[in-house]
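This report refers to the structure that appears directly beneath it.
Whatever order the structure lists them in is the order used to number ligands and atoms, beginning at 1.
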Amino acid sequence: MVSNLKGRHFITEDTWTKQELDTVFETAFDLKRKFALGESTRYLQDKTLFMMFFEQSTRTRNSMEAGMTQLGGHAHDLTPDKMQISHGEVPKDTAIILSRMGHGIACRNCFYGTGLKYIEEMAKYSTRPVMSLQDDMYHPFQGLADLMTIFEHCGKNTKNLKVTVSWAYAESHSKPLSVPQTQIMLFPRYGIDVTVAHPKEFPLSKHIVEKAQLNAQKGGGSLKFTDNMDEAFEGAHIVIPKNWGGFGFYGEETYLANEDACKAEMKQNIAKYKDWICDDRRIKLADKNVKLMHALPADRNKEVTDEILDNPEISIVFDEAENRLHTAKAIMSLTM
Ligand code: CP
């Protein structure tokens, strides 16, 4: 167990050692047990967290705010329209000021090509820990909750566990790359064999895939890719069918220079793959004890059918969502 995490930024698991992450999981399990028993965990009494949301959120916002309350502190729920960001105040000044007034800054900014850079700029100038609540590259809190849920359902020895991260059809919006990218970088560090399936127009970011391959080599897991969803489901212990936008097809420079054209083309490309759904036929290709995970919100009957999502023998998505609370509390209590 590591005991010197105060002040650490949490933007990606990749800057945290495995020993440090194991400390986070130990803390999250302890906090979950105490939450179930109704034990007090006021580790952040009188402390303040500033949360800045550039986008909508249900799980992230509420796990952080409820988490701060349960830890004895308070979270401010901020959006750019309520801040001077809307008049052009830069992340550097925002970070310096907020870090003088409280004990942590957390931010969701998923705009492709700029989100992570915005959060990293705040981290450069903040004297308090800065946490990513999801950006265009990473969703580190989701990654922690995912792995905690895998430990609960499959045991802590995850060597040789087969996890399929598959692109799936959706209509609600172009979802960021950050969830699958976090999963492919994190899971192989725990010996997990990850298969990623996606149509050719929906690749993940090249530099993230390269880092994830290195993590797999070092961590004893593996990472492979296919453009065939059926093949990816065969024998899988866990399937994660989830949409992501075609941002990686363009790369940041091209996308930012031609945003409207790229968005229009992405929409046309998505429409070609309506059959990329997790349904009863596909789930039968997987292991007989297969579990379904999804960060949520899901596009029901587009990414995954109700039949599978609501099947308590298969679906562990609500455990996964609940674990956002316990892992959020672990990171906040260890770093703030
Ligand atoms: N999974 C997740 O981040 O959910 P929200 O967008 O509701 O926070």
Side-chain angles (χ1 to χ4, degrees), residues 10-13 24 28 32 49-70 75-80 104-112 115-116 118-119 130-150 152-153 163 165-168 170-187 204 208 238-245 247 278 291-300 302-304 308-310 315-332:
F10 183 61
I11 296 173
T12 163
E13 279 89 359
V24 175
K32 186 167 185 174
L49 174 72
F50 300 104
M51 305 189 301
M52 297 161 51
F53 281 92
F54 285 73
E55 286 96 6
Q56 301 81 351
S57 166
T58 296
R59 279 139 291 269
T60 306
R61 188 193 306 274
N62 290 295
S63 59
M64 299 296 285
E65 187 163 345
M68 273 306 284
T69 303
Q70 291 161 23
H76 290 205
D77 182 6
L78 303 165
T79 48
I105 302 172
C107 180
R108 168 172 286 192
N109 185 336
C110 299
F111 292 109
Y112 184 66
L116 174 62
Y118 189 97
I119 294 171
V130 169
M131 298 159 229
S132 171
L133 299 178
Q134 188 175 20
D135 53 66
D136 52 329
M137 291 293 141
Y138 306 121
H139 196 350
F141 281 103
Q142 187 63 51
L144 290 181
D146 291 347
L147 201 43
M148 183 177 182
T149 311
I150 290 174
E152 285 177 337
H153 285 273
V163 175
V165 173
S166 178
W167 188 91
E171 290 176 358
S172 59
H173 65 295
S174 281
K175 303 185 186 192
L177 301 171
S178 50
V179 171
Q181 292 191 164
T182 298
Q183 291 164 340
I184 66 164
M185 285 180 69
L186 178 61
F187 294 173
L204 299 175
I208 298 281
I238 294 176
V239 290
I240 313 178
K242 189 185 178 309
N243 180 261
W244 60 81
F247 307 104
C278 175
K291 300 292 175 211
L292 170 85
M293 292 178 65
H294 192 298
L296 302 179
D299 276 38
R300 280 176 172 265
K302 308 259 179 332
E303 293 174 299
V304 51
I308 305 297
L309 193 64
D310 295 327
S315 176
I316 54 173
V317 298
F318 298 116
D319 291 346
E320 186 183 356
E322 181 196 321
N323 285 335
R324 292 294 309 274
L325 173 71
H326 310 301
T327 46
K329 284 163 71 178
I331 288 289
M332 291 190 289

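F54 is linked by a ring pair (Phe, Tyr, Trp, His ring centres under 6.0 Å) to Y118, counting only residues two or more places apart in sequence or in another chain.
In the model, D319 has no side-chain atom that pairs as donor or acceptor with a side-chain atom of T149 under 3.5 Å. Between the side chains of K32 and N323, a donor-acceptor pair is found at a separation under 3.5 Å. Counted by atom type alone, H294 and E303 present one or more donor-acceptor pairs between their side chains at under 3.5 Å.
Contacts classified as salt bridge (Lys or Arg N to Asp or Glu O under 4.0 Å) and involving residues 133-143 (residues at least two apart or in different chains) are not found. Identified under the salt bridge (Lys or Arg N to Asp or Glu O under 4.0 Å) test for residues 56-66, with sequence neighbours left out: R61-D77.
The 4.0 Å heavy-atom shell around ligand 1 contains residues S57, T58, R59, T60, R108, H139, Q142, A295, L296, R324, ordered by chain and number.
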